[in-house]
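Report on the following structure.
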Amino acid sequence: MAHDPSSTGDHIRFDGTALELLDQRLLPARQHTVRCITPQDVADAIRDMVVRGAPAIGISAAYGMSMAVSRGDDLRVAAETLKAARPTAVNLAWAVDKLLALPPEEIPAAARAIHTEDVRINRAIGDHGAQLLPDDARVLTHCNAGALATGGYGTALGVVRSAFAAGRLQRVYAGETRPYLQGARLTAWELDTDGIPCTLLTDSAAASLMAAGEVNAVVVGADRVAANGDVANKIGTLSLAVLAKHYGIPFYVAVPCSTLDAHTASGAAIPIEQRDATEVRGFGEVRWAADVDVVNPAFDVTPAELVTAWITEDGLWQPAEGQDTFGPV
Ligand code: MRU
């Protein structure tokens, strides 16, 4: 079995000049690295999904800002270029704006700190979340909110990793996540590499699995959580939340505080990325659909009322009146 570079954070490497990104488009078949030497290269890599997942694109953009400092680029132009790469994940703008507010000489160290801090944050999310799961946890997750999507360890998969370490995880059910197959290509690979029991299912099999009592918790990540608790995450998350409600299964959202967006009142105001029709008409070189119109929203919004708990590094977050307050798990 191939070593999974994401578990040690090797999937995002910055040497002060170049950013090396493990190309997530090719996984798990090939481990190939893309080298970025300008902020524009980093923005292209984010837009083209070389690197994806809300915290991971925030970290990559932070290194793009660090690069801009060492190259003597206009920092405002670099910031706009990076922020325009993908619209939904708030971590991207959060990381760039945080660095832009600093004196330029402080940006490189602050960019590195965003990366290292993310791993600590994910471990804390994992430990808080694991306490919410039953002793025989059978967790359904969607997309990839794992080490690859973050600086390491993962958010939703951080909860899974902590539960596994505590001996409380029976199995992870990984939805394949059409159309880009992050569940099939990335989550299944990460878990298999770490020896965590994982069963892959088609997205359309989730309802029958829940009806059969096979799932006792759903745990997902998020690209943005609005001030009222609405959650933007990978397309298909909303269907799982509706199903979980119907079958009385807790639905947890595992997020770093950098994904909480106090400036966006509700999910209705979250920009949803629309992606290319080719992603739905086929995959890679293979094409299976005729040249018909395609709708390909990359994310959907799950209303707060369907969420059992939002798990952050500081404990459970409360939306609305309790916004910005945390309670112990
Ligand atoms: O389009 P992607 O692959 O970037 O979408 C990723 C997700 O939807 C993840 O669930 C989310 O970013 C959380 S990652 C910890």
Side-chain angles (χ1 to χ4, degrees), residues 6 9 11-12 21-25 27 45-61 85-95 115 118-119 121-126 129 139-161 174-187 189-190 203 218-225 231-241 251-261 267 270-276 279-280 296-302 307 310-313:
S6 67
H11 58 304
I12 302 175
L21 296 168
L22 179 66
D23 191 342
Q24 298 192 29
R25 299 169 302 184
L27 293 173
I46 291 171
R47 192 193 53 244
D48 296 345
M49 309 274 277
V50 171
V51 60
R52 34 63 53 202
I57 64 178
I59 293 163
S60 302
R86 291 190 77 187
T88 305
V90 74
N91 307 61
L92 179 57
W94 170 85
H115 189 178
D118 189 60
V119 182
I121 285 170
N122 293 334
R123 288 186 183 277
I125 291 171
V139 174
L140 175 63
T141 191
H142 190 58
C143 192
N144 173 265
L148 287 164
T150 62
Y153 203 68
T155 56
L157 292 194
V159 173
V160 157
R161 283 191 166 92
E176 66 175 349
T177 317
R178 280 277 292 143
Y180 214 68
L181 304 176
Q182 290 94 330
R185 295 188 302 106
L186 307 177
T187 294
W189 181 61
E190 266 196 51
D203 299 323
V218 179
V219 186
V220 297
D223 283 77
R224 192 187 297 229
V225 178
V231 175
N233 192 47
K234 180 53 54 193
I235 192 75
T237 302
L238 172 59
S239 328
L240 296 179
F251 182 90
Y252 298 115
V253 179
V255 281
C257 291
S258 54
T259 303
L260 305 175
D261 181 7
I270 298 177
I272 300 294
E273 177 183 8
Q274 303 291 324
R275 292 189 64 88
D276 202 82
E279 290 181 359
V280 178
N296 186 16
F299 303 97
D300 56 26
V301 174
T302 297
V307 178
W310 298 257
I311 307 160
T312 79
E313 65 272 30

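Remember, it's 1-based here, ligands and their atoms both numbered in the order they're listed. Positions are given from 1 along the sequence.
- Counting only N and O atoms by type, the side chains of Asn144 and Arg52 include a donor and acceptor under 3.5 Å apart.
- No donor-acceptor distance shorter than 3.5 angstrom exists from the side chain of Arg86 to the backbone of Ala54, with no hydrogens or angles considered.
- Without hydrogens or angle criteria, Thr187 side chain to Cys143 main chain gives a donor-acceptor distance under 3.5 Å.
- Between the side chains of Thr259 and Asn91, at least one donor N or O sits under 3.5 Å from an acceptor N or O.
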Check each N or O atom of ligand 1 against all protein N or O atoms and list the pairs under 3.5 Å, with atom names and distances to 0.1 Å, one per line.
residue, atom, partner, partner atom, Å
ligand 1, 1 (O), Arg86, NH1, 3.4
ligand 1, 1 (O), Arg86, NH2, 2.8
ligand 1, 1 (O), Lys234, NZ, 2.7
ligand 1, 3 (O), Arg52, NE, 2.8
ligand 1, 3 (O), Arg52, NH2, 3.2
ligand 1, 3 (O), Gln182, NE2, 2.8
ligand 1, 4 (O), Gly53, N, 3.0
ligand 1, 4 (O), Arg86, NH1, 2.8
ligand 1, 8 (O), Asp223, OD1, 2.9
ligand 1, 8 (O), Asn233, OD1, 3.1
ligand 1, 8 (O), Lys234, N, 3.3
ligand 1, 10 (O), Asn233, OD1, 2.6
ligand 1, 12 (O), Ala54, N, 2.9
ligand 1, 12 (O), Asp223, OD1, 3.0
ligand 1, 12 (O), Asp223, OD2, 3.2

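- Judged by distance alone, the side chain of His11 and the main-chain N or O of Ala147 form a donor-acceptor pair under 3.5 Å.
- The backbone N or O of Ala174 lies less than 3.5 Å from no partner atom in the side chain of Thr141, so there is not a single donor-acceptor pair.
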